[in-house]
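A short worksheet on the structure shown next.
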Amino acid sequence: MVGCRYRGDERRRRGMIPPIANNFVAGESPAAAVQHARELNRRDVAVILNLLGEHYDDRADADADADAYIDLAETIARDDLDACISVKPSQIGLSLSDDAFRENLARIVAVADDHGVFVWVDMEDHPTTDVTLDAFERHARETDGNVGVCVQANLRRTRDDLARLAELPGKVRLVKGAYDEPGDIAYRQKAKVDEVYRDLLAFMFEAFDDGVAVGSHDPAMVDYAAELHAEHGTPYEVQMLMGVREEAQFDLAAEGVDVWQYVPYGGKWFSYFYRRVRERKSNALFALRAVVGR
Ligand code: FAD
């Protein structure tokens, strides 16, 4: 179910993104993203803001996006939004060097933490896992848990990683995994990934004090998280993408579940939108209906 559509003047304010794409992307500017956040906050949905961009091989680009996140953290604090940010390691320097990534993440976290704004670190493909978890660990300790990291159920290593993360402050988002990883290090069958996701979720509800972030649109996983919460009392939140099962997001929020919508924005929207359309027939049909005006 797709919601939060915008028309006319609203679309112009959001920038040049066509209406079919702006169900999945808040707009090109930070102002559009902030406006979207305000609208969701009114419906008790909190927001994770992500500036679109990845795999930069020019340091100036990585530094510029880190600067943009710093400005965004200041805006979130100034406007008192129920929002946080989520950064991709390769967007802020990891494609250049580990040091470039560490330096930019440290800059972002320092300012965000000063303003009380939470920072998530997205997880990319498997060669980046160690450096990403190490950076998370450093900042989790330094900020006493004002950062979070994503882990992927499709990676065979994740059960061990979770045992390490359970000892740290900060939040952990469990997702199924978006990258096509080789069979020796990853489960490749969807049914197996689903089974592992459930097992890892159960482990997290038992072992994590700071709460569990369920990064999934899957009703079976969201229901299972509610069961585990009832059993263990561990706090949890559900995170879903903008434009995906939005009615479910609003329903869960109305039931009192802590719901966060992951909201991408920025000029590099096309490839993100294309991925959303490719991954699911209903999104493609939706895009087609928008094009033919039905
Ligand atoms: P799937 O396993 O794809 O689908 C299961 C069921 O969910 C479907 O049968 C259907 O009932 C429902 N569903 C799924 N999609 C839709 C849809 N479009 N419309 C309607 N129903 C649907 N991956 C990473 O590798 N690294 C990250 O840092 C990362 N961060 C993420 C952050 C968030 C907030 C979210 C939601 C996902 C993130 N992902 C990340 C992506 C994740 O790894 C999965 O690829 C993606 O979420 C698809 O898995 P799923 O569990 O949502 O549902």
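For this chain, numbers begin at 1 and follow the sequence in order. Whatever order the structure lists ligands and atoms in, that order sets their numbers, starting from 1.
- Ion pairing between a basic and an acidic side chain is recognised when a charged N comes within 4.0 Å of a carboxylate O; Asp199 and Arg159 show no such pairing.
- Here the shortest heavy-atom distance to atom 40 (C) of ligand 1, taken over Asp194, Val175, Asn154, belongs to Val175.
- Considering backbone and side-chain N/O of Ser216, one or more are found under 3.5 Å from N/O of ligand 1.
- Contacts between Lys190 and ligand 1, counted as non-hydrogen atom pairs separated by less than 4.0 Å, involve the side chain only.
- Looking only at side-chain heavy atoms (C-beta outward), Lys268 and Glu28 stay at 4.5 Å or farther from each other.
- Using a 4.0 Å cut-off between heavy atoms, Met240 contacts ligand 1 through its backbone alone, with no side-chain atom that close.
- A ring pair (Phe, Tyr, Trp, His ring centres under 6.0 Å) check over residues 89-123, counting only residues at least two apart or in different chains, returns the pairs Phe118-Trp120.
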Evaluation steps, side-chain hydrogen bond (donor to acceptor under 3.5 Å, both in side chains), between Asp113 and Asn146: CA-CA 7 Å; Asp113 193 44; Asn146 203 29; 3.0 Å; yes
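- Between Gln152 and ligand 1, a contact under 3.5 Å exists for at least one N or O pair.
- A tilted orientation is assigned to the rings of His229 and Tyr236, their planes being inclined by 30° to 60°.
- At a 4.0 Å heavy-atom cut-off, ligand 1 touches Arg173 through the side chain alone.
- Salt bridge status for Arg42 with Glu39: absent, with no side-chain N to carboxylate O gap under 4.0 Å.
- Salt-bridge formation is not detected for the pair Asp65/Lys88: no Lys NZ or Arg NE/NH1/NH2 atom is positioned less than 4.0 Å from an Asp or Glu carboxylate oxygen.
- Polar contact with ligand 1: absent for Val244 (N/O pair, distance under 3.5 Å).
- Of the listed residues (Lys176, Met242, Glu181), the one carrying the non-hydrogen atom nearest atom 1 (P) of ligand 1 is Lys176.
- In this comparison of Arg245, Gln261, Glu246, the heavy atom closest to atom 21 (N) of ligand 1 sits on Arg245.
- Contacts of Cys150 with ligand 1, taken as heavy-atom pairs under 4.0 Å, involve the side chain alone.
- No side-chain heavy atom of Asp218 sits less than 4.5 Å from a side-chain heavy atom of Tyr224.
- Heavy-atom separations between Lys88 and ligand 1 are all 4.0 Å or longer.
- Counting atoms of ligand 1 from 1 in the listed order, those under 4.0 Å from a heavy atom of Tyr179 are 25 (O).
- Between Ala178 and ligand 1, a contact under 3.5 Å exists for at least one N or O pair.
- Under 4.0 angstrom from ligand 1, the non-hydrogen atoms of His217 come from both its backbone and its side chain.
- Within the 4.5 Å cutoff, the side chain of Tyr265 has no heavy atoms near those of the Ser29 side chain.
- Note on Arg156 versus Asp184: no salt bridge recorded, every NZ/NE/NH1/NH2 to OD/OE distance being 4.0 Å or above.
- Contacts between Asp122 and ligand 1, counted as non-hydrogen atom pairs separated by less than 4.0 Å, involve both the backbone and the side chain.
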